[in-house]
*Asks:* 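Take a look at the following structure, please.
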Amino acid sequence: MMIKVASGWRRLLTGFSRQSLILGALLTVLGGGLGACQQPDLPQGRMAVVQYIVNGQTIEVLDPNRRPALIERVRLIGLDAPDLEQVPWGSDAKQYLEERLLRQSVLLETDVEAQDRFERRLAYVWLGQELINESLIADGYALAVARSPNLKHDPRLTRAQEKARLLGLGIWNPDSPLRTTPDEFRAEGR
């Protein structure tokens, strides 16, 4: 009986290349191993309510516990969204954030630097258990851009970009790709 099972498997596997079998086995092992890794730390930060979406990478929030309550501008860490003049990608990214975040309570998680040179708060934005920075990239609305020293979630953001690129989502759509990075676009406009 054992020989029949082995020969059955051999017949089943003859249609696959050796490389694809090795890759499949490796992915199975890695996928199983990832579940055994320690649980990630829960994000720490402060709660705020999103009041306005400036663009695909900047929001304005209100901290209801702060007195006086002030509107604060927040730049999402680890990504670069298309400029609003990069049609249609810039407005798509802004609309994505409007649909997801407007009037929502979010957790603002900081990294090493608290502010950028424009005095915007730098943060990872959490909506419940969802890291919005990651979702924005994974759905093809922004590029993952590592900016040292703020690298806490860089591996997650890089994986999200690879997913979007492989699936051809948003700015990675082969029929209508983003051909100029936001940084290049801004440099050309100056």
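These numbers come from the heavy atoms of this one structure, side chains and all, not from hydrogens, waters or symmetry mates. Computed from a prediction, not measured in an experiment: that's the story for all the values here.
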*Asks:* Which heavy atom of Gln57 sits nearest a heavy atom of Ala81, and at what distance?
*Replies:*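 Nearest pair, atom of Gln57 first, then Ala81: OE1-N, 2.8 Å.
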*Asks:* As a test of understanding, state which of Asp111, Asn150, Thr110 forms a side chain to side chain donor-acceptor pair (under 3.5 Å) with Tyr124.
*Replies:*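 For Tyr124, the side chain to side chain donor-acceptor pair (under 3.5 Å) test succeeds with only one of Asp111, Asn150, Thr110, which is Asp111.
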*Asks:* Between the side chain of Asn55 and the main-chain N/O of Gly90, is any donor-acceptor distance below 3.5 Å?
*Replies:* no
*Asks:* If I take atom OG1 from residue Thr58 and atom CG from residue Asp116, how far apart are they, to the nearest 0.5 angstrom?
*Replies:* 8.0 Å
*Asks:* Look up atom CZ in Arg103 and atom OH in Tyr52, then write down how far apart they are to the nearest 0.5 Å.
*Replies:*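 The CZ atom of Arg103 sits 11.5 Å away from the OH atom of Tyr52.
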*Asks:* In plain terms, say whether Glu130 and Arg100 are close enough for a salt bridge, that is, a side-chain N and a carboxylate O under 4.0 Å apart.
*Replies:* yes
*Asks:* Are Leu84 and Ile59 connected in the hydrophobic side-chain network, where two residues link if heavy atoms are under 4.5 Å apart?
*Replies:*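 Different clusters: Leu84 never reaches Ile59 through Ile, Leu, Val, Met, Phe, Trp or Tyr contacts under 4.5 Å.
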*Asks:* Measure across Ala138 and Ala164 and return the closest heavy-atom pair with its distance rounded to 0.1 Å.
*Replies:* O-CB, 3.4 Å
*Asks:* For Glu134 versus Arg156, what's the shortest heavy-atom pair and its separation?
*Replies:*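 Here Glu134 and Arg156 meet closest at OE1-NH2, 2.7 Å.
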*Asks:* Ignoring hydrogens, what is the shortest heavy-atom contact between Leu127 and Ser105? Give both atom names and the distance.
*Replies:*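 Reported closest heavy-atom pair: CD1-O, 3.7 Å.
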*Asks:* Would you call Glu162 and Arg165 a salt bridge, taking side-chain N to carboxylate O under 4.0 Å as the test?
*Replies:*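 Looking at Glu162 and Arg165, the cut-off is met.
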*Asks:* Check for me, please, whether Leu178 and Leu136 land in the same ILVMFWY cluster - side-chain distances under 4.5 Å, paths through other members count.
*Replies:* no
*Asks:* Any donor and acceptor pair, going by atom type alone, linking the side chain of Gln86 with main-chain N or O of Thr180 inside 3.5 Å?
*Replies:*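 Side chain of Gln86 to backbone of Thr180, a donor-acceptor pair under 3.5 Å: yes, one is there.
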*Asks:* Using 0.5 Å steps for rounding, measure from the CZ atom of Arg73 to the CZ atom of Arg120.
*Replies:*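 Result: 8.0 Å between the selected atoms.
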*Asks:* CG of Leu101 to CD of Glu60: how many Å apart, nearest 0.5 Å?
*Replies:* 13.5 Å
*Asks:* Should Tyr96 and Ser135 count as side-chain neighbours, where that means a heavy-atom distance under 4.5 Å?
*Replies:*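 Tyr96 vs Ser135: side chains touch.
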*Asks:* To the nearest 0.5 Å, how far apart are CG in Leu107 and CD1 in Ile132?
*Replies:* 11.5 Å
*Asks:* Any chance you could lay out the side chain to side chain contact (heavy atoms under 4.5 Å, CB included) test for Arg186 and Asp80, step after step, and finish with the verdict?
*Replies:* CA-CA 11 Å; Arg186 288 182 206 104; Asp80 203 3; 3.2 Å; yes
*Asks:* Is Val125 reachable from Leu62 through a run of hydrophobic residues whose side-chain heavy atoms are each under 4.5 Å from the next?
*Replies:* no
*Asks:* Judged by atom type as modelled, is there a donor-acceptor pair below 3.5 Å linking the side chain of Gln161 to the main-chain atoms of Ala144?
*Replies:* yes
*Asks:* Would you say Leu108 and Ile137 are hydrophobically clustered, going by side-chain heavy atoms of ILVMFWY under 4.5 Å?
*Replies:* yes
*Asks:* Go through the steps to decide whether Glu72 and Asp63 satisfy the test side chain to side chain contact (heavy atoms under 4.5 Å, CB included), and finish with yes or no.
*Replies:* CA-CA 8 Å; Glu72 182 177 27; Asp63 182 346; 5.7 Å; no
*Asks:* For a side chain to side chain contact (heavy atoms under 4.5 Å, CB included) check, start with the C-alpha distance between His153 and Asn133, then their side-chain angles and the critical distance, and finish with the verdict.
*Replies:* CA-CA 9 Å; His153 294 297; Asn133 309 48; over 6 Å; no
*Asks:* How close do Gly56 and Leu79 get, heavy atom to heavy atom, and via which atoms?
*Replies:* O-CD1, 4.1 Å
*Asks:* Of the non-hydrogen atoms in Ala142 and Pro82, which two are nearest, and what is the gap between them?
*Replies:* CA-CD, 4.4 Å
*Asks:* For residues Val74 and Val49: do they belong to one hydrophobic cluster (side chain heavy atoms under 4.5 Å, members Ile, Leu, Val, Met, Phe, Trp, Tyr)?
*Replies:*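 Cluster IDs for Val74 and Val49 differ.
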*Asks:* Could you check whether any side-chain heavy atom of Glu113 comes within less than 4.5 Å of a side-chain heavy atom of Arg147, counting everything from C-beta outward?
*Replies:*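 No - every pair of side-chain heavy atoms lies 4.5 Å or more apart.
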*Asks:* Quick one: CG on Leu143 to OG1 on Thr158, what's the gap to the nearest 0.5 Å?
*Replies:*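 Output value for this atom pair is 11.0 Å.
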*Asks:* Any donor-acceptor pair under 3.5 Å linking the side-chain atoms of Asp92 with those of Tyr141?
*Replies:* no
